[in-house]
Amino acid sequence: MMKYILPAVLLITGVLYAGRAPVIDYDFSKKTDIRLYEGAVQKDGALHFNGKKSYAIILGSGKLNAGPNGLSIVCTVKFNDREGKGQDVVGKKSAVIFSRNDAGQLFCGFNDSKKWHIGRAGELVPFGKWVQYAMVIERIPQTSWGQVPGYRVNMYLNGEMIGHLFSKDITPVVNANDFILGCGEGNDAWAMQGEIADVRIYDYILDEDKVADLAYSNKRLKLKKSDQYEISTGLAALFAGLRKQSISKEGKWVLEALERAALNGADQNQLAALVKCLNNCGKVRTIEKFAESWNKSQKLTKIIVKPGIAALFSYGLDGNHFPLLGLSDLKTEREILAGNGLFWKMELLKGKEFSQLDSSDEDWRRTSEVDSGKIRAFWRNDTAEVRVDLQLTDSRLETAISAKSLRDDTLVFSVTYPCWTVALLDKNSGRMMNTHGEIISNPAVNTFPRYNGAILYPTTGAPMQFITYYDDKGGIYLGVEDPHGGIKQFQIVSRQQSRIEFSSKSPVSYEIGQTGRNQYTQRGVGALELHRGNWYDAAQIYRRFVTAKADWWIQEIPRKDTPQWFHECTLWIRSHLWHTPEKANRQKDWMIYLRNYFELPFGAHLYYWDDQKKGAEFTHFMPLEFFPSFAQELKEVGIYAKPYLNSHLWAVLDGPDCKSDWMFSSHGKNFAVKNPNGSMNYEYYMGPGKTSGPRFQYAVMCPSSKERLDYYLGICDRVISYGVDMLYHDECAGGNKPFTCFEPAHGHLMNDSDNWVRTGYVPALTKLHEKYPEIAHDGESFAEPYLKVMDGFLTWSNPGLPPVARAVYGGRVVFTGNLFSYAWKFDEEADRRFFQIITDQFVKGEQMGWFEPTEIIDFPEKMHYTKQLMHLRLGLLDYFTGGELKVPLKFKGTPKTATYTMDHRGKPKITNTIPMTSVNSIKNDWTLLIMANPTFEKVDFSPIINYPGNILLEFDNNSGESRDIRYSGNYTPDISLNPKGLKLMLIGMEDNTEFRKEAERISELLSRVSGFQPPELEYQAKSNALTAFTGNWIGIKDAKETKWCKRSVKNDFVSWTAQNAEVNYGVVDFGDKPPSRIEIEVLVAPGQKGGKIELRTGEALMDTAVIEISDTNGEYKKFSAPLLRKITGKRQALVRFKESNSCTFKSWRVY
Amino acid sequence: MELKMKRFMIAAALILTQMAMAEVMVDYDFSGEVPAARGKLPMARFNDHITISGEPGQRSIVFDGKKSSGIIPSSKNVNMMKGGTVVMTLKCEDKEDGKNYHLFMMKKDEWLIGYSGSEFYFNFFTERRWNQGLKCRLDLSRTRTVGFSVTDEGKYLLFVDGKKVREGVFGISTPPLFNDSPVQIGAGWGGWSFKGEIGGMIIHNEALTDKQLMEATERK
């Protein structure tokens, strides 16, 4: 009996639970008791918020929390444009956030009392359009060993799950704060400007179906499910009957394609007839024979077979489906497509109203034609006409679209095509790489660490135009091969965790004043191509396209258009001059010291060199008086000066110190990118080096405004005249968000995808190159359309990614720096991070560095290693700037990994395979293998070396001597690399004099580099130093500066210490013999906490001693502690108090 | 001076217990190694030009007459002219500039307590101008405990070291103005920066009686 009762109880409970009403259910088209404040109003069926201080409170909702039973919030919202600012929709103070972020994406999460767990996902949420916003917070219990407990947030836009966030081992905050609408954690800064039509809050977990039901039943949204047509009972029975029969795999493939066609709206009577045909030829074996039989047996569809791939097209089948019904990977025998397979969407603009059309709409008149490998499909109604071409070739399907408005009052505003929906690959071995190069497993469930949802091209998130999805059987390349690099928006979305959608949306241009009848013709093609490898193989497919067609491809390497000094530059130092000659001179001293030790020139990336008293930051770049001579002095000692410029922004208050409108209204405003409604786009930054205080507003400039470019090029001319070697164009080359512009006064086309690069930055930077061939340029991040006009790219924010750009572009692309740390802290983690990042840069052929002098100047080991890598890079330069990246090394067994973190909170975590390796080939078929161990432990491994060649030389890391290896294209040695060890191997096709000469050259290089010695620890500070080495007591009167504490009138003690208070002694001479202990004299009275006092020394102010002090009953006492590191010579020194109200501090000495 | 500071704090503590009705907004004691804030408002934020003087347990804070200053956080509601009391133990250094202006406390465009030449001042702001509420010759070249109290009707009392020095009623032709500015210590106007030492200070949000103010300023 129990066996019936229990399921019944569970079922009833489940039904009741799942159907339970929301705890909060407001429909603002009806009268409600919602409390409105500061200008919020309920009218016209919705709550209206003014984007200032308005908000509404749901009284009594404080009891709802993200607890163990879950919490779901669903609301219908419409945002108005707040010019680049985020907007909070629903919030529960200190507990829950649900918003649209600055970038325009859905943004939500919860707080666990220590920090916020927030995710963002999906495409840009449009302005002026109703959307359904939903978030579901769900507790994931530990149900089994290996299951990590935590909380998951599912994010939904218009009923589709667009992302999720999982946070382990935390508990969300529970508090009694009522839910607020139109305002949240962002307060006024993220005040909502728009409407909320309804809001429902549930005290349980809504599943995906329920969220989707709410969206599809929402009359404001007008959503339709294009792949959810109901299949008639008769047809379903035919499908089921055939499935039971013993038919060939080809027959099964067609059967599944027909079932999908039914769901996508194909005529079901005709499908029934096709199923009967399938019954007749379903047992035919081999795809070619099956295709022949199928194509003869009916006249509605056609199978086309090419090597490795087969496609089922429809040309006579009526209905709303797309004419590509199936696509089969013949090697893996898998259907590639899922859901609605391939489709397009189009955005129309009539006056000020936007509307959407897509390929599955019912009112199209559709026709299609098929011949040997091609299909042409047409859609036409009274408003628009669309044509799609598809061509099947070896393992590849290419497609392109054209669209035309047929009305005088309607413009085609954007076209989204191709929209591929692909089936899931193997859950365990499946990997997906997005346009940024991030790789994740199981993309149905997992999201990319940084770039999810909508990603604009060309930017850091999408420097190239392809993604790939692969598993251990094979993979799919999905590329948008636009040879002119126009602006577009890519999007990867997991649909219902059962298929992946990848789409590309392009703006459509029109003439100034044009109101209709514009047209769009896709440039290049969208391509799906099968491969049998991983990201590298996909990169090689893309490389085939760029080599043949891309505007930016550079034929010859090493590049002839790059100054020789830039080719040979091996390292970049980041140098902040902080607007003062004193600080600048200190930086110069440090860099000259480094220059002398390294015995090689390097570059100095200079920040804060401009005089903001003459004009605002990021805008006018007037030099400080000392700057030209400063740049000249660097040049004289072999340090290349690269000052910071910004090509993207103009301060709204662009006068001195951002206090007045100097030239913004008269110039900057005219040059700015304008949106369709005439508004501008802004970024917001605090003053230089500030982490708090007011944010200043900067408008985004249009690079296709000729006057703007003339002004910016004038700045470049002026700055070059100061004697610098290179210009850094911040926010250019991928580091910014590109816009299309609608300002008629600029004279360019409206909404033109070429506004940004092709008619904007590229011609401007080309002019600079032509005018100053010895001046190099780099920009923020990497994006391919800038390849020809940038000598390098500062890819500062993406460590740990595979070298996809180098796999495509080889020596044509040069990276000029990476960020070494988000935290100014020197410990073992900082060491791990430093050695892994710089080794990764070296191995991948990048110019190294972009760290500050103080990040290495106190660390002889880091300086020594950096010097070795600099000389090695220069010695092996041909392989980097003149070489191509070969397929990465594989290993016998699983190689070790090493992990470091970018900040002191442990995020983000970067994991590298150890050893770090690269394989580089140059024109004469020599292949150089580099294997490096950046860790502090020995590493053993066995690389599988199977690159073409007949001779392989293995070099000894220390002596540089080479050893001949018997090689016939296969070698798997056991290698052991010491900490910081390096192994080079050279493979050649022919053992000739030239090859031996090269081997000898590499031997000499290794031998020379292994002879480098670490620097003397002492940095010879020029300032007068206090003397510490005699054991003298150093008092407060000797201090240069005190911070966050108070001195006594007599200057004999400090007290009232705040947390991390400091007494800075400037330069102290510690003598030749390192002291071993420190002694301090302090008083700890009632109310004072004692605690830890640190001595910090060196240019980086490393922790040198920690002295623990306790109560001294109000009398001065002495405490001592050992020094943690050897310290000699003249060093910076300060004493830091870890606790607030620590003690009354008098003096210190070392002995 | 140091002993006086200690006494001031003891006396202040005793009085506090007696004055349950008057809310103590500010009660700063600078005599220890850790400055104590026992009133409703937290410790003032002093800039880096403040220094410390005295032996352990008998400290005071020193204003340099130039750049030293402090701000009492969340003090926008310290409205003396709605009824209030200030008690300070302090000593002035002669600035030797012939004017000897000092600002002990000031709430911008509302009220101030200061010193000019050898006279103690309390001024308050009305619609048109600063009004001179009280002006009284006082020797502050040695450490004194000064208590000043005023009611919302303008009745005032001035006690120094437990002795009544002055009482009266302000002539108020137009109503005093109030605003959200915080109370500044030791500064407010250029040239009026305080030069001297403060051992402690107490602010109530209402006027004290004669007896209470006498006890508050009495140095035992």
Quick one: closest heavy-atom pair of [X] and [Y], and the distance?
X         : Y         : value
B/Glu33   : A/Ser1055 : O-OG, 3.3 Å
B/Pro35   : A/Asn1141 : CD-OD1, 4.3 Å
A/Ser1048 : B/Thr51   : C-CB, 3.9 Å
A/Val1049 : B/Ser53   : CG2-CB, 3.7 Å

Within a radius of less than 6.0 Å around [atom1] of [X], do more than 12 heavy atoms belonging to other residues, nucleotides or ligands occur?
X         : atom1 : result
A/Arg35   : CZ    : no
A/Lys1092 : NZ    : no
A/Lys1089 : NZ    : yes

So, do B/Ile52 and A/Trp1056 sit near enough that their side-chain heavy atoms are less than 4.5 Å apart?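 Yes; the side chains approach each other to less than 4.5 Å.
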
Just so I know, are the side chains of A/Lys1046 and B/Asp48 near enough to count as touching, which here means a heavy-atom distance under 4.5 Å?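 Answer yes - side chains close enough.
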
B/Pro56 portion near chain A, given a 4.5 angstrom heavy-atom threshold: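 Contact with chain A: side chain only.
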
Contacting moiety of A/Cys1045, where chain B heavy atoms sit under 4.5 Å: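 Answer is backbone: N, CA, C or O of A/Cys1045 sit under 4.5 Å from chain B.
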
